[in-house]
Amino acid sequence: MKLYNTLSKQIEEIVPIEAPSVTLYTCGPTVYDYPHIGNWFTFIRYDVLVRTLKASGLSTRWVLNITDVGHLVSDADDGEDKLEKGARMEGKTAWDVAAFYGTYFEDALRRLNFSKPDFLPKATEHITEQIEMIRILTDKGYTYVIDDGVYYDTAKFERYADFACLDLDEQQAGARVEFNPQKRNATDFALWKFSPTDQQRDMEWDSPWGKGFPGWHIECSAMSRSYLGDTIDIHSGGIDHIPVHHTNEIAQSEASTGKRFANTWMHSNHILINDEKISKSLGNGITLEDIEAKGYSLEVLRLHALESHYRSQSKFSWDSLEAAQNRLKSYQAMADLRFQAQEAGNEKPRDFDHVIRSDILEPLFEDLNTPTVLANISNLENALNTDCINSIEVAGLSKYLQTIDDTLGLRLIQSKDINDEQKTLIQNRWEARQSKDWAQSDALRDQLVADGIGLRDTQFKSIWYRL
RNA sequence: GGCGCCUUGGCGGAGUAGUCACGCAACGGUCUGCAAAACCGUGUACACGGGUGCAAAUCCCGUAGGCGCCUCCA
């Protein structure tokens, strides 16, 4: 399969280092709050990447990390981080907060029907590896120590600006934030921060440089290496990570190992709400609970996330979520046709194997073109509606639906057939209609509607669908 | 100030140098006992101005507007 590579700025074939296994690292959440739908859009798209890699015949070793030690609130911060701050506000320890939201996140992955990551490592469980990497960087002369911590000297890593195409001289360092004047370069970043002397932190560890906690970027470099080796196939994350987090990861990893860190970098763009980014200050951080409170299933959210391409800056609105819900209903109606077609051996030859390849797999293999896949599914759904119900090949349709579920995770094939009682009602109504007993026919129809089942009368039989 | 991206019909959103995206909504119709659903059809969609091509919404240049990043961020 092919994927756009931020590193080369081209769409490239994924060629695993050790085929058929693909090593994949995804920058996961910092567990200090409920993730918002912007976060989930991004994660859903990574899930589809993993599913698509598998559908292309590759296997995956997928690390999705959980950052449970806080990133600093800002560069100028005195050491208070998100987790510690969140803990103080809730009257708990940073450990409590991280455990709560960490559990929430893992549970949400199941609710959203994510494929299971092979590893969900926590930063606090890999402090030793992080210290080890900082030690290597120190031995190689990439670090220096100032008041508040051990820093990476980005001037020592010649390629520093390359990944994000940064123009370091022209960037207004400190345009919006004061930075520590002891830093040698504006882009230098902390590898290890010292605990403040006047304050007891919830999370702190001993290190060769003093008691403290890891910097904001080292965990990913250390955990990626620990689970997947020096060079990995694909590293994914949000588009915002390009200029800082991923740039710094590359600097750390490549300086310490002397090898390329990741062959392919995949970045998901952000979504906008009312043409604005999602942020705490705007108060537009919709959560999964908000979605469900309005009566939408998480499959609807997933479908909506796939209606735009992962590299485009797309929009979220309740109206478009509603549109996604209607679309999903029509897909589910298509899925329910497999219970109603009769395999009488008189199927019209529809080559489902070919359709699966051309409509689903090929667009996905071409840089995850999920909007085109959905358009193709809609086209097939429309075509099946004009087919005679008895001419639909059940096995082929089931395979088609299974492929959708395997790659997009929409759970279409999970719907169950209606029960025998309901089937009898439908049959009785059909017979009432045939004998023009409209009162009886309508009464039975009302009964079915009350049961959440709608009917579509065709020339030969009534086709049911879920309301 | 620097870097980058974007501008497609009422809304969302693919795609592409030469028949169709698709979804939602709207309108008209067919079918129907009535409905519903389904199907068919309709809407001069590609920001604006130039340029290159037989042909441009699609490539190039310019203009306008919008967005993102340069601070933690999905």
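FYI, side chains are in, hydrogens and waters are out, and symmetry mates aren't considered; it's all heavy atoms of this structure. Just so it is clear, the structure is predicted and the values come from calculations on it, not from any experiment. Letters go in sequence order (proteins before strands), and every chain restarts at 1.
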- Message: Checking A/Glu106 against A/Lys116 for the salt bridge (charged side-chain N to carboxylate O under 4.0 Å, His left out) test, could you report, in this order, the C-alpha distance in whole Å, the side-chain angles of both residues, the deciding distance, and whether it holds?
- Response: CA-CA 10 Å; A/Glu106 292 188 43; A/Lys116 199 170 160 27; over 6 Å; no
Give one of base, sugar-phosphate or nothing for [X], where a contact means two heavy atoms less than 4.0 Å apart.
X	value
A/Ser314	sugar-phosphate
A/Arg445	base
A/His309	sugar-phosphate
A/Asp442	base
A/Phe41	nothing
A/His267	nothing
A/Ala375	base
A/Ile463	nothing
A/Gly454	nothing
A/Ile242	nothing

Would you say [X] reaches [N]'s phosphate, i.e. side-chain N/O to OP1/OP2 under 4.0 Å?
X	N	answer
A/Asn382	B/C39	yes
A/Asn385	B/A38	no
A/Asn39	B/C73	no
A/Lys277	B/A74	no
A/Lys436	B/G33	no
A/Asn326	B/C24	no

- Task: Using heavy atoms to find the nearest nucleotide of RNA chain B for A/Ser330 and A/Ser312 separately, return the residue whose nucleotide is more 5′.
- Result: A/Ser312
- Would you kindly compare A/Ser268 and A/Tyr465 by the position of their nearest RNA chain B nucleotide and give the one closer to the 5′ end? A/Tyr465
- Query: Any stems for RNA chain B, made of 3 or more Watson-Crick or G-U pairs in a row, each with both distances under 3.5 Å?
  - Reply: B:1-7 with B:64-70, B:10-12 with B:22-24, B:26-30 with B:38-42, B:47-51 with B:59-63
Rounded to whole angstrom, note down the [atom1] distance from [N] over to [M].
N	M	atom1	answer
B/A37	B/C73	P	48 Å
B/U44	B/C6	P	29 Å
B/G66	B/U58	P	22 Å
B/A25	B/C11	C1'	8 Å
B/G18	B/G28	C1'	32 Å
B/A64	B/C72	C1'	34 Å
B/A74	B/A38	C1'	40 Å
B/G12	B/A21	C1'	14 Å

- Query: Do A/Asp457 side-chain and B/A35 base share a donor-acceptor contact under 3.5 Å?
  - Reply: yes
- Task: Report yes if a donor N or O on one partner sits less than 3.5 Å from an acceptor N or O on the other, where the partners are the side chain of A/Ser320 and the base of B/G23; otherwise report no.
- Result: no
- Task: Could you tell me whether the side chains of A/Gln252 and A/Asn248 share a donor-acceptor contact shorter than 3.5 Å?
- Result: no
- Query: Looking only at side chains, do A/Thr6 and A/His267 share a donor and an acceptor under 3.5 Å apart?
  - Reply: yes
- Task: Look at atom NZ of A/Lys2 and say whether more than 12 heavy atoms of other residues, nucleotides or ligands are closer to it than 6.0 Å.
- Result: no
Quick check on the 6.0 Å ring-centre criterion: do [X] and [Y] meet it?
X	Y	answer
A/Phe41	A/His304	yes
A/Tyr34	A/Tyr104	yes
A/Tyr152	A/Trp192	no
A/His246	A/Trp265	yes

- In whole angstroms, the gap separating P of B/G13 from CD1 of A/Ile377 amounts to 19 Å
- Between CG of A/Leu49 and C1' of B/A74 the distance, given in whole Å, is 15 Å
- Task: Is it possible for you to check whether A/Arg456 lies under 6.0 Å from the centre of the six-membered ring of A/Tyr465, through NZ or CZ, and within 45° of that ring's axis?
- Result: no
- Item | Separation of A/Phe365 CZ from A/Ile360 CD1 (nearest 0.5 Å) | 10.5 Å
- Task: Would you indicate which nucleotide in B/A38, B/G23, B/A74 comes nearest to any side-chain atom of A/Ser378?
- Result: B/G23
- Task: Measure from the side-chain heavy atoms of A/Thr42 and tell me the nearest of B/A14, B/A74, B/G33.
- Result: B/A74
Please list each protein N or O that sits under 3.5 Å from an N or O in nucleotides 6-8 of chain B, with the distance.
none

- Task: Could you give me the CA-CA distance, side-chain angles and deciding distance for A/Asp367 and A/Tyr310, then say whether side-chain hydrogen bond (donor to acceptor under 3.5 Å, both in side chains) is met?
- Result: CA-CA 9 Å; A/Asp367 197 28; A/Tyr310 78 92; 2.5 Å; yes
- Message: Pair A/Asp406, A/Arg51 - check salt bridge (charged side-chain N to carboxylate O under 4.0 Å, His left out), show working.
- Response: CA-CA 6 Å; A/Asp406 289 345; A/Arg51 289 167 175 273; 5.6 Å; no
- Query: Can B/G15 be described as syn, meaning its chi torsion is within 90° of 0, or is it anti?
  - Reply: anti
